[in-house]
Protein chains: 2
Amino acid sequence: MTETAAPGRVLPHPDRAEIRLETVLHALSDPVRLRIVRELSTAADELSCSRFDLPVTKSTTTHHFRVLRESGVIRQCYRGTAKMSGLRRDDLDDLFPGLLDALLAAARGQHARLGEDT
Amino acid sequence: MTETAAPGRVLPHPDRAEIRLETVLHALSDPVRLRIVRELSTAADELSCSRFDLPVTKSTTTHHFRVLRESGVIRQCYRGTAKMSGLRRDDLDDLFPGLLDALLAAARGQHARLGEDT
DNA sequence: CTCGTACTACGAGGTCTATCGTACGAGCAG
DNA sequence: CTGCTCGTACGATAGACCTCGTAGTACGAG
């Protein structure tokens, strides 16, 4: 196939320089999204959206993944019908050194402390 | 006056154990509040609300300080008519080790990079 | 007591967000 | 081609949020 990709099959991401701290923090201030990021961080590779067992419908899941992608927290691409997602560690570490690690540690710590779902 | 204190003169703060990461991140996802915290972090001591020159009205300023206090990011107390505010470094460092420093570094870095107001 | 300053409380307007349901497109297995 | 699964788009709704203006309370100075 010579064409680039099917329409709607290409996903817009912000450039590294366009990533803003407030937007990232806002993206992570939602419990569902924080949980996605936490699970994503433990996975060695990228994960498909359907790998997650979230307490919301599929529509809402799509919405949350988009917020994460548009804020620059994750990178997404299609692989067949599956949409793979992975953390943008390199970009985030470059922009905000140590922030992602501290954030993930805090998220895991709180999760262990309060032991909510998942 | 026989009553304990004037109404509204006592400020409710969340206990350390009640501070939630999502709430903290949400509190810091607003540019005005992030700026308050950034200025607060450079001050050796506590500051009064009127020390800040924010691009919003006083009503809105009160609102933002309350969000920060109720999320557990800052501690506030009255000193005469002035309301003093200070970061809850000890509590935050205990709950989320390294997070506050990484956050402040990220905020300063972005501020230096983009050079917005203030 | 009176006044000025510092901050708050309340209500309103406009915007954003999270959530859902339903209907649809893209790819893969028969 | 026919289904099946994965994910999207769109519309709707209810709630939260930022902002403001006005009116009011607490404290200290004169």
Side-chain angles (χ1 to χ4, degrees), chain A residues 1 3-13 20 22-37 46-71 73-86 117, chain B residues 1-13 20 22-37 46-71 73-86:
Chain A
M1 26 215 91
E3 60 172 340
T4 57
R9 295 274 95 184
V10 67
L11 298 162
H13 291 75
R20 291 186 102 288
E22 300 92 318
T23 312
V24 170
L25 295 182
H26 173 247
L28 297 178
S29 69
D30 184 281
V32 176
R33 291 195 290 261
L34 190 57
R35 176 166 159 180
I36 291 174
V37 170
E46 300 182 320
L47 291 179
S48 78
C49 291
S50 53
R51 283 289 208 177
F52 297 85
D53 188 28
L54 301 171
V56 291
T57 65
K58 266 208 273 202
S59 305
T60 309
T61 302
T62 296
H63 162 68
H64 284 308
F65 271 99
R66 172 161 45 183
V67 172
L68 285 172
R69 187 187 68 242
E70 292 181 346
S71 70
V73 176
I74 66 173
R75 200 186 308 274
Q76 294 187 294
C77 64
Y78 283 100
R79 207 158 125 189
T81 64
K83 185 162 73 169
M84 311 304 288
S85 302
D117 37 79
Chain B
M1 20 188 92
T2 52
E3 57 179 336
T4 58
R9 290 276 96 183
V10 68
L11 297 163
H13 290 76
R20 292 187 103 287
E22 300 93 318
T23 312
V24 170
L25 296 182
H26 173 247
L28 297 178
S29 68
D30 184 280
V32 176
R33 291 195 290 262
L34 190 57
R35 175 166 159 181
I36 291 174
V37 170
E46 299 183 320
L47 292 179
S48 78
C49 291
S50 53
R51 283 288 208 178
F52 296 84
D53 188 28
L54 301 171
V56 292
T57 64
K58 261 209 254 219
S59 303
T60 308
T61 302
T62 296
H63 161 70
H64 284 310
F65 271 98
R66 173 160 43 184
V67 172
L68 285 172
R69 186 186 69 243
E70 292 180 345
S71 69
V73 175
I74 67 172
R75 199 186 310 272
Q76 294 186 296
C77 64
Y78 282 100
R79 207 160 128 190
T81 63
K83 186 161 73 168
M84 312 304 288
S85 302

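Small disclaimer: the values here were computed from a predicted structure and weren't measured. Chain identifiers are assigned alphabetically (A, B, ...) following the order of the sequence lines, protein sequences preceding nucleic acid strands; residue numbering begins at 1 within each chain.
Comparing C:dC7, D:dC18, D:dA9 against the side chain of B:His64 picks out D:dC18 as the nearest. Comparing D:dT19, D:dT8, C:dT19 by their closest approach to the side chain of A:Val56 singles out C:dT19. Of the candidate nucleotides C:dC20, D:dC20, D:dG7, D:dC20 has the atom nearest to the side chain of B:Thr60. Looking at the side chain of A:Tyr78, the nearest of the listed nucleotides C:dT19, D:dT19, D:dT8 is D:dT8.
Distance, A:Asp53 CG to D:dC6 P: 13 Å, rounded to whole Å. Following rounding to the nearest Å, A:Lys58 (NZ) and C:dA23 (C1') show an atom-to-atom distance of 13 Å. Rounded to an integer number of Å, the gap from A:Leu11 CG to D:dC6 C1' is 14 Å. Atom CD in A:Glu22 sits about 14 Å away from atom P in C:dT17, given to the nearest Å. Distance A:Asp30 CG to D:dG15 C1': 14 Å, rounded to the nearest Å. Nucleotide C:dA18 holds its C1' atom 14 Å from the CG atom of A:Leu54, rounded to whole Å. One atom, CZ of A:Phe65, and another, P of D:dA9, lie 15 Å apart when rounded to the nearest Å. Computed from coordinates, the A:Gln76 CD to D:dC6 P distance equals 16 Å when rounded to whole Å.
Remark: the A:Thr60 side chain and the A:Thr57 side chain contain an N/O donor-acceptor pair separated by less than 3.5 Å.
At a threshold of 4.0 angstrom between heavy atoms, the contacts of A:His63 include nucleobase atoms, whether or not backbone atoms are also involved. Here B:Arg33 lies in heavy-atom contact (under 4.0 Å) with sugar-phosphate atoms only.
No hydrogens or angles were tested; on distance alone, nothing pairs the side chain of B:Thr81 with the base of D:dG28 as donor and acceptor under 3.5 Å.
One distance of note links CD1 of A:Ile36 with CZ of A:Phe52; it measures 6.0 Å at 0.5 Å rounding. Taken from CG in A:Leu25 to CG in B:Leu28, the straight-line distance is 6.0 Å, to the nearest 0.5 Å. Atoms CG and CZ, from A:Asp30 and A:Arg35 in turn, are 11.5 Å apart once rounded to the nearest 0.5 Å.
At C:dC16, none of the side-chain N or O atoms of A:His26 fall inside 4.0 Å of OP1 or OP2 (strictly under the cut-off). Remark: B:Ser48 is not in phosphate contact with C:dA6, judged by side-chain N or O atoms under 4.0 Å from OP1 or OP2.
Positionally, the nearest nucleotide of DNA chain C for B:Ser59 lies more toward the 5' end than for the other of B:Ser59 and A:Thr57.
The backbone N or O of A:His13 sits nowhere less than 3.5 Å from a side-chain atom of A:Arg69 that would complete a donor-acceptor pair.
Summarising the base pairing, D:dC27 is matched to C:dG4 through a Watson-Crick or G-U wobble pair whose two defining distances lie under 3.5 Å.
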